[in-house]
Amino acid sequence: MTQGTTAGTPPVSVLPGLGGSWAVERGRLRRDFHRFDVVFFLVCTLVGLDTIGSVAAHGPEGLTWMVVLDVVFFLPYGLLVAELGAGFPVEGGPYVWTKLAFGRLVAGVNQFLYWFSNPLWIGGTLCIIAITTFETFFTPLPGAWKYVAGLAFIWGGVLSVLLAFRVGKWVPTIGALARIVLLGFFAVSVVLYAIRNGVQPLAARDFSPTYAGFVGLVPLLIFNYVGFELPSTASEEMTDAQRDVPFAVLRSGLASVLLYGGPIVGILLVLPGKAIGSLSGFIDAVKAVFTVYGGSVAEVGTVTLTGWGQVLASIAAAGLILGVLTSGVTGAMGGDRAQAVACADGAGPGWFGRISPRFGTPVRVNVFSGVLASLVMMVAFAFSNGSAEKYFAAGLGLAISTNFISYVFTFPSLAVLRRKLPEVARPYRVPGGRVGVTLVAGVTTIMVLYTVIVLIWPGFGVGWFGTEGDPADSLPKSFAGERWAYTLSQVIPLAVILAAGFAAYALGGPTRRAERERIGTALESTQD
């Protein structure tokens with residue numbers, strides 16, 4: 001990132017880009033989001049505990065592609081958000097950037113997808129990981145108790161999001177610290193386990209990148225790397241968004257690479273490759289590693305924890321549940337705020353565009369998100385026939401693709417706004433002028449578009465042009481031999497969600513009409 005303007009130069013106002021009732025609602029916001037709050041918020045967002053096992057299940061090759069994507073995607077993505085977040089520090093972040101670039105209709109539907117992906121994620125993958133962890137380390141949850149536990153998980157997160165930001169921001173901070181402690185202690189335990197028991201041999205050829213591995217890993221790795229824009233959804237609640245966004249992007253990005261890569265190495269060193277599951281990989285590794293404090297691993301691989309091993313593993317399990325919960329909380333804090341801004345602006349039902357005078361948060365959207373997440377959880381449990389792995393695979397794929405379709409329009413806004421609004425002061429700019437901006441916006445957009453394609457049709461391109469592999473091998477293991485069942489589990493919900501996005505925009509019609517009438521009245525008064 002390069003310095004673009006003199007420090008302290010105020011940006012050209014972009015608030016006229018928001019209309020509807022937002023001028024009233026923004027007066028209820030409170031500036032309680034400080035620089036290091038933003039850093040911890042991003043660490044909590046970027047270090048996703050739900051995909052560690054899925055990446056490790058692909059073996060050492062996953063580490064190779066992770067390093068490649070650090071350079072090819074993560075770095076340009078961080079530069080992109082640093083410029084947009086600092087140059088357009090307006091509540092709503094990605095919604096505002098997309099609206100200024102492509103108009104309210106595109107931004108409204110785009111924002112609906114961005115927001116809707118979070119209830120899918122919370123009610124889907126995060127909920128199942130939390131429940132699986134609880135059952136593994138504490139006690140089974142038979143019958144209706146599984147639903148009760150899922151609802152408690154979801155609505156505990158909703159309560160955290162509802163709170164005033166000066167209180168609620170501590171939830172992501174605690175989540176970030178829990179990650180640092182949990183993953184740090186796991187790394188130390190891996191070293192102790194290796195000294196006592198040795199490790200799984202990793203051959204150099206296992207790190208060789210393949211196209212089939214790329215197809216399987218790109219959705220997981222890029223999904224873990226997105227989230228830089230979330231703090232910008234609360235730009236007007238920051239004390240200094242123009243300085244704090246670039247500062248936080250750089251520091252949280254470096255921390256995230258280390259915190260995410262370390263546990264994957266640990267899992268590969270501890271567990272045999274065939275024993276690593278996408279859902280339970282990290283959970284199984286924790287159990288095995290913590291036998292150094294008390295317990296044993298049988299020849300068949302069964303782990304028995306005793307004494308301090310059981311105690312510490314239970315604490316780690318609680319930390320893992322807290323970690324996945326706070327991932328959902330940060331996503332909801334950002335997505336719900338941006339959706340409330342969109343609704344107040346006329347791109348959605350005006351009733352949802354209200355900021356609570358008491359809490360300074362979008363309570364109505366928060367509650368509705370909790371309702372949707374609860375429905376997702378119950379429907380998924382009902383239709384997965386008890387298969388947690390199938391539920392996990394379908395839910396994760398749908399959450400990622402819904403989220404990434406929105407990025408297909410958000411990322412190009414960097415280049416469009418450089419051209420359309422060159423007069424806006426940008427404290428930080430993507431280096432390289434027009435070429436640099438085109439490269440950063442183009443590469444990130446292509447990567448997320450490609451990810452959507454391989455999520456809907458796993459194995460896309462495998463076997464083409466002489467590449468090795470069978471496309472069927474790219475299907476989630478729980479959907480082996482069921483390509484159309486998996487693809488329909490993605491396409492049908494995506495079509496319904498997209499239609500709902502257009503319907504939500506239509507429901508914003510009264511707000512848009514009221515705005516046009518106010519503008520018309522103001523013009524008449526001026527002419528008189």
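A quick note: this is a predicted structure, and the numbers were derived from the prediction, not measured.
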I'd like to check [X] versus [Y] (side-chain heavy atoms, cut-off strictly below 4.5 Å). Are they in contact?
X	Y	value
Pro172	Phe40	no
Thr487	Trp457	yes
Pro231	Val245	no
Ile456	Val491	yes
Phe112	Ile497	yes

Strictly distance-based, threshold 3.5 Å: is any side-chain N or O of [X] a donor or acceptor partner for the main-chain N or O of [Y]?
X	Y	value
Lys420	Leu100	yes
Thr402	Ala399	no
Arg196	Val292	yes

Have [X] and [Y] got a donor and an acceptor in their side chains that come within less than 3.5 Å?
X	Y	value
Thr410	Glu229	no
Arg179	Ser327	yes
Glu61	Trp65	yes
Asn110	Ser406	no

- Task: Give the intermediate values and the outcome of side chain to side chain contact (heavy atoms under 4.5 Å, CB included) for residues Arg419 and Val416.
- Result: CA-CA 5 Å; Arg419 176 177 53 82; Val416 175; 3.9 Å; yes
Aromatic ring proximity [X]/[Y], centre distance under 6.0 Å:
X	Y	result
Phe74	Phe228	yes
Phe185	Phe290	yes
Phe88	Trp97	no

- Message: Evaluate Trp115 against Ser369 for side chain to side chain donor-acceptor pair (under 3.5 Å), listing each step before the verdict.
- Response: CA-CA 9 Å; Trp115 162 73; Ser369 294; 2.8 Å; yes
From [X] [atom1] over to [Y] [atom2], what is the distance, rounded to the nearest 0.5 angstrom?
X	Y	atom1	atom2	answer
Ser160	Leu325	OG	CG	6.0 Å
Met66	Ile222	CE	CD1	13.5 Å
Thr98	Leu417	OG1	CG	8.5 Å
Leu230	Asn118	CG	CG	8.0 Å
Leu192	Thr291	CG	OG1	10.5 Å
Leu494	Leu120	CG	CG	9.0 Å

- Task: Under the ring pair (Phe, Tyr, Trp, His ring centres under 6.0 Å) rule, what do Phe223 and Trp121 come out as? Steps first, then yes or no, please.
- Result: CA-CA 11 Å; Phe223 181 62; Trp121 186 38; 5.6 Å; yes
Of all heavy-atom pairs between [X] and [Y], which one has the smallest distance, and what is that distance?
X	Y	answer
Ala338	Thr233	CB-CG2, 4.0 Å
Val430	Leu79	CG2-O, 3.6 Å
Ile122	Gly328	CD1-O, 3.6 Å
Cys127	Gly150	SG-CA, 3.6 Å
Phe137	Gln310	O-NE2, 3.7 Å
Ser189	Val289	CB-CG1, 3.1 Å

- Message: Please list all pairs meeting salt bridge (charged side-chain N to carboxylate O under 4.0 Å, His left out) that have one or both residues in residues 37-47, counting only residues at least two apart or in different chains.
- Response: Asp37-Lys169
- Side-chain ion pair, Glu83 and Arg429, N-O less than 4.0 Å: no
- Message: Could you walk me through whether Thr326 and Ile174 satisfy the side chain to side chain contact (heavy atoms under 4.5 Å, CB included) test, starting with their C-alpha distance in whole Å, then the side-chain angles of each, then the deciding distance to 0.1 Å, before giving a yes or no?
- Response: CA-CA 8 Å; Thr326 52; Ile174 292 171; 5.8 Å; no
- Task: Go through the steps for Gln339 and Tyr114 under the test side chain to side chain contact (heavy atoms under 4.5 Å, CB included), then give the verdict.
- Result: CA-CA 9 Å; Gln339 185 62 26; Tyr114 182 76; over 6 Å; no
- Query: Sequence neighbours excluded, which residues qualify as side-chain contact (heavy atoms from CB on, under 4.5 Å) partners of Phe411?
  - Reply: Phe73, Tyr77, Leu80, Tyr407, Thr444, Thr445, Val448
- After noting the C-alpha distance and the side-chain angles of Phe41 and Thr173, does the key distance pass the side chain to side chain contact (heavy atoms under 4.5 Å, CB included) rule? CA-CA 6 Å; Phe41 188 97; Thr173 299; over 6 Å; no
- Could you please spell out the steps behind the ring pair (Phe, Tyr, Trp, His ring centres under 6.0 Å) verdict for Tyr450 and Phe214? CA-CA 11 Å; Tyr450 175 82; Phe214 179 74; 5.6 Å; yes
